[in-house]
Amino acid sequence: MPDEIEIGYRLDPDYWNRGLITEAARAVRDHGFADLKLPRVISLVHPENIPSRRVAEKNGMKMEKKITFRGFPTLVYAMAREAWLANRDAS
């Protein structure tokens, strides 16, 4: 996991529920795959953080595994470049 690229996000609560993070996460994902040619991207999410889990899912990521990261239970959401390409081509 140390060599993987994470898409992370944090936003002032005053701006929640406007789709800003979903839009930004998609833009970062697309840049990573289209321009940087990354093989995959991940997002690390605390299990109780339902809004962040939804953002990862809207970003096309699937929950891959549960780990302990820096002492906290963490969900690893991931997406491979091949899945991104397949989804993009289907659109």
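As the structure is a computational prediction, the values presented were derived from the model and not from experiment. Computed from heavy atoms alone, side chains included, the values below leave out hydrogens, waters and symmetry copies. Residues: numbered from 1 along the sequence shown.
Not one N or O on the side chain of R53 forms a donor-acceptor pair closer than 3.5 Å with the backbone of V45. Using a distance-only test at 3.5 Å, with no hydrogens or angles considered, no donor-acceptor pair links the side chain of S43 to the main chain of G8.
Contact between Y9 and S52 at its shortest, heavy atoms only, is OH-O, 3.0 Å. Of all heavy-atom pairs spanning L38 and F33, the tightest one is O-CD2, 3.2 Å.
Note on E64 versus R40: salt bridge recorded, some NZ/NE/NH1/NH2 to OD/OE distance being below 4.0 Å.
Summarising the local packing, CD of E6 is surrounded by more than 12 heavy atoms from other residues, nucleotides or ligands at distances under 6.0 Å. The number of heavy atoms from other shown groups lying within 6.0 Å of CG (D35) is above 12.
For the atom pair T74 OG1 and I42 CD1, the distance stands at 10.0 Å (nearest 0.5 Å). For the atom pair NE2 (H46) and CZ (F69), the distance works out to 9.0 Å, reported to the nearest 0.5 Å. How far CZ of F72 is from CG of L44: 13.5 Å, rounded to the nearest 0.5 Å. The structure places OG1 of T22 at 8.0 Å from CG of N59, a figure rounded to the nearest 0.5 Å. Interatomic distance, CD1 of I7 versus CZ of R26, reported as 11.5 Å (0.5 Å rounding).
Screening K62, K65, M61 against Y77 for a side-chain contact (heavy atoms from CB on, under 4.5 Å) leaves a single residue, M61.
Every residue meeting the side chain to side chain contact (heavy atoms under 4.5 Å, CB included) condition with L11, not counting sequence neighbours, appears here in chain and number order: Y15, W16, L20, I21.
Residues L75 and I50 do not share a hydrophobic cluster, defined by chaining ILVMFWY side chains whose heavy atoms lie under 4.5 Å apart.
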